[in-house]
Amino acid sequence: MSIQCIRGVKDILPPEIEIWQTIEHKAKSLLEQFGFKEIRLPLLERTELFHRSIGEETDIVSKEMYTFEDRGGEKITLRPEATASVVRAYLQHNLYTLDPIQKLYTIGPMFRRERPQKGRYRQFYQINAEVFGIDSPLIDAQIIFMLMYFFKNLSLTNVQLHINSLGCRECRPQFYHALNTYLSQFNADDLCEHCNRRRTTNPLRVLDCKVEKCRQAMKDVPSILEFLCPDCVSHFQLVQTTLANQGIDFTINNQLVRGLDYYTRTTFEIQTSHLGAQNAIAGGGRYDGLIQLLGGPDIPAIGFAIGVDRLIELYMQHHESPKPYVDMFIIALDAPSKKMAYTLCCDLCIKGIQVEMDYSARSLKSLMKRADKLNAHFVMIMGEQELANNSVILRNMNTKEQFVLSTNGIVDHLLTQFFITPH
RNA sequence: GUGAGUGUAGCUCAGCUGGCAGAGCGUCAGGUUGUGGUCCUGGUGGCCGAGGGUUCAAGCCCCUUCACUCACCCCA
């Protein structure tokens, strides 16, 4: 058995790669239409960055990160998400002194060591966007609008938007207090093993536990939405009315907590019922305290990530991979013809025509079969007879029409008569 | 980390109560001079995931291990 790739990672091969290119291209165009600029970031960061931003008690940090010591003894981690790195770069380069408002996006792989399953890989890809320096709920609504437009534009209509508010540093402590009071009424038997630990370490996470007895126990749990301070209420209200005015359907889900500690106020997730258990294809939220937490000024921010692997899986349920083709396949039957074919092949390729030729000495028949396999739109045939007349045969593979063309000025002739030239 | 299912040709899969390793698709060649798709013929292709055990005999039974898939968990 030859060497295989490691568990939970995969190769993306042609022709599927074309779908990835299409999706990424569409995402970039849309993000740039909305004023986002690309930022390219390292995949490696100091481990400390994620401990401080994502939170020590989260699943990501406590058991899913690829962390190692490099040869200099430094603790390095393969990034499990992008937001922390974007914030790090924003602070490291003092981008806020240039303009506190920055809209940045990045596309690339993330790494989490979880058990792989459908839609969940150890190396997975995200399209990530962040807005720094705007605290208005209008920007919350706008990035959600942009996301929903993106999915609609890809003809992905079977997705649902869920939104919630997690409050701010003013009102969240009061909810925490109420939540702790509520949780304290239960014995260890009433909650699952994880939640017994969470009730002290991260009580918010008990809310969206899916274990049956925990859901029973959480039946009458106070809703975070009842504890929001007036500012948070009006913020959340404006997000909702703005979305509603734009005709965007959403569900308020007060159990939507999300797995990273840094979220405040608006959080959202876009889900689908067509991907099995891993139903979130995009998620994000506001993180007004994170920049300060990482040593920067008190600047609000909001962002989201799209799971590209899942998005593409969903997309492919309704779209075929494009069938590869070449514009022309050249069959040259002897050595002098091959020499000429080679030059012609290069000349046409640099003009933007996809041309393949054959480099072997196989029969015309087998090469015609190959032309068919390559889905060649045209086949050029040249051999002893043609070369003697300074001509070649051009066959249209769909109509079966054949033309005899002079070799004089053939590149221009082909470009103007047979191929739609770019520009 | 836990559970269930599956590992046989490049791909999709048959293979009976243990008895010579199979099909379809793909690939390559041919079906009389230099013309494709359909059709016909032939060739190629395998450490039956790996290691051990039981047996005269193991793809099949037992143990171990690895991988994949799905689910739990978590998230994108």
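Below, chain A is the first sequence line, B the second, and so on; all start at residue 1. Just the heavy atoms: all of them, side chains too, but no hydrogens, waters or symmetry mates, feed the values below.
- Heavy atoms of E64(A) sit under 4.0 angstrom from primed sugar atoms or phosphate atoms, though from no base atom.
- Straight-line distance between the C1' atoms of A57(B) and G24(B): roughly 31 Å, to the nearest whole Å.
- Using a 4.0 Å heavy-atom cutoff across all strands shown, D309(A) reaches no nucleic acid atom at all.
- Atom-to-atom, CG of L387(A) to C1' of G34(B) comes out at 15 Å; the value is rounded to the nearest Å.
- Taking atom C1' in both G7(B) and C75(B), one finds a spacing of 29 Å when rounded to whole Å.
- The aromatic ring centres of Y105(A) and F36(A) sit 6.0 Å or more apart.
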Measure all distances between protein nitrogen or oxygen atoms and nitrogen or oxygen atoms of nucleotides 36-43 of chain B, and list the pairs falling under 3.5 Å.
residue: G36(B); atom: N7; partner: R395(A); partner atom: NH2; Å: 2.9
residue: G36(B); atom: O6; partner: R395(A); partner atom: NH2; Å: 2.8
residue: G36(B); atom: O6; partner: M397(A); partner atom: O; Å: 3.4
residue: G36(B); atom: N1; partner: M397(A); partner atom: O; Å: 2.5
residue: G36(B); atom: N2; partner: D372(A); partner atom: OD1; Å: 3.0
residue: G36(B); atom: N2; partner: M397(A); partner atom: O; Å: 3.3
residue: G36(B); atom: N3; partner: D372(A); partner atom: OD1; Å: 3.1
residue: G37(B); atom: O4'; partner: D372(A); partner atom: OD2; Å: 2.9
residue: G37(B); atom: O6; partner: K400(A); partner atom: NZ; Å: 2.8

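- If you take atom P in A23(B) and the same atom in U44(B), they sit 12 Å apart, rounded to whole Å.
- Residue A282(A) places its side chain closer to A76(B) than to any other of U35(B), A76(B), G34(B).
- Pair assignment for G10(B): C25(B), on the basis of Watson-Crick or G-U wobble contacts that are both within less than 3.5 Å.
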### Message
Could you walk me through whether H235(A) and D140(A) satisfy the side chain to side chain donor-acceptor pair (under 3.5 Å) test, starting with their C-alpha distance in whole Å, then the side-chain angles of each, then the deciding distance to 0.1 Å, before giving a yes or no?
### Response
CA-CA 9 Å; H235(A) 186 102; D140(A) 303 28; 2.8 Å; yes
#### Entry: Stepwise ring pair (Phe, Tyr, Trp, His ring centres under 6.0 Å) test for Y182(A) and F186(A)
CA-CA 8 Å; Y182(A) 180 82; F186(A) 296 108; 5.5 Å; yes
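- In this structure, G36(B) makes no Watson-Crick or G-U wobble pair, since no nucleotide meets both defining distances under 3.5 angstrom.
- Taking the P atoms as reference points, A9(B) lies 15 Å from G15(B), given to the whole Å.
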### Task
Carefully, step by step, assess F378(A) and F329(A) under the rule side chain to side chain contact (heavy atoms under 4.5 Å, CB included).
CA-CA 6 Å; F378(A) 287 90; F329(A) 182 64; over 6 Å; no
#### Entry: Worked check of side chain to side chain contact (heavy atoms under 4.5 Å, CB included) between M380(A) and M357(A)
CA-CA 9 Å; M380(A) 180 175 285; M357(A) 64 175 282; over 6 Å; no
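- If you check distances only, the side chain of Q4(A) never reaches the base of G49(B) with a donor-acceptor pair under 3.5 Å.
- The CG-P distance, from L147(A) to A76(B), rounds to 13 Å in whole Å.
- In this structure, R46(A) places its CZ atom where only 12 or fewer heavy-atom neighbours from other residues, nucleotides or ligands lie under 6.0 Å away.
- Nucleotide C20(B): unpaired (no Watson-Crick or G-U wobble partner with both distances less than 3.5 Å).
- Taking atom P in both U55(B) and C66(B), one finds a spacing of 28 Å when rounded to whole Å.
- Residues I270(A) and L147(A) are in side-chain contact: their nearest non-hydrogen atoms beyond the backbone lie under 4.5 Å apart.
- Rounded to a whole Å, the CG atom of N253(A) is 13 Å from the P atom of C75(B).
- When heavy atoms are screened at a 4.0 angstrom cut-off, A305(A) is found touching the sugar-phosphate backbone but no base atom.
- A heavy-atom distance below 4.5 Å is found between the side chains of L311(A) and L154(A).
- Applying the Watson-Crick and G-U wobble criteria (two distances, each under 3.5 Å), G5(B) pairs with C68(B).
- Proximity note for F124(A) (side chain, C-beta onward) versus A76(B), G1(B), G34(B): the nearest is A76(B).
- Going from the P atom of G22(B) to that of U27(B) covers 24 Å, rounded to whole Å.
- Ring centroids of F418(A) and F403(A) are separated by less than 6.0 Å, placing the two rings close together.
- Remark: aromatic rings of H162(A) and F250(A) are distant, center separation not under 6.0 Å.
- Rounded to whole Å, the C1' atom of U32(B) lies 15 Å from the corresponding atom of U41(B).
- At whole-Å resolution of the value, CG in L256(A) and P in C74(B) are 14 Å apart.
- Put simply, CD on E57(A) is 14 Å from P on C74(B), counting in whole angstrom units.
- Nucleotide C48(B) is matched to nothing when pairs are restricted to Watson-Crick or G-U wobble geometry with both distances under 3.5 angstrom.
- Nucleotides C11(B) and G46(B) place their P atoms 12 Å apart, quoted to the nearest Å.
- Looking only at side-chain heavy atoms (C-beta outward), V392(A) and I381(A) stay at 4.5 Å or farther from each other.
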#### Entry: nucleotides 7-13 of chain B: protein proximity per nucleotide (B base, S sugar-phosphate only, - neither; heavy atom, under 4.0 Å)
-------
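- For the pair M65(A)/F50(A), a side-chain contact is recorded, criterion being any heavy-atom separation below 4.5 Å from C-beta on.
- Within 4.0 Å of I270(A), counting heavy atoms only, lies no atom of the nucleic acid at all.
- The closest side-chain heavy-atom distance from Q102(A) to K37(A) is not below 4.5 Å.
- Taking atom CG of residue L364(A) and atom P of nucleotide G31(B), one finds them 13 Å apart after rounding to whole Å.
- Heavy atoms of I331(A) sit nowhere under 4.0 angstrom from any nucleic acid atom.
- Atom P of nucleotide C75(B) and atom CD of Q126(A) are separated by 13 Å, given to the nearest angstrom.
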### Task
Could you please spell out the steps behind the side chain to side chain contact (heavy atoms under 4.5 Å, CB included) verdict for D59(A) and R112(A)?
CA-CA 10 Å; D59(A) 283 6; R112(A) 291 182 203 171; over 6 Å; no
Produce the list of close N/O pairs, under 3.5 Å, pairing protein atoms with atoms of nucleotides 67-71 of chain B; give distances to one decimal.
residue: C68(B); atom: OP2; partner: R7(A); partner atom: NE; Å: 2.6
residue: C70(B); atom: OP2; partner: K118(A); partner atom: N; Å: 2.7
residue: A71(B); atom: OP1; partner: A277(A); partner atom: N; Å: 3.0
residue: A71(B); atom: OP2; partner: Q117(A); partner atom: NE2; Å: 3.0

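- For Q385(A) and G34(B), a side-chain-to-base donor-acceptor distance below 3.5 Å is present, hydrogens and geometry of angles not being considered.
- Rounded to whole angstrom, the span from the NZ atom of K63(A) across to the C1' atom of C72(B) amounts to 11 Å.
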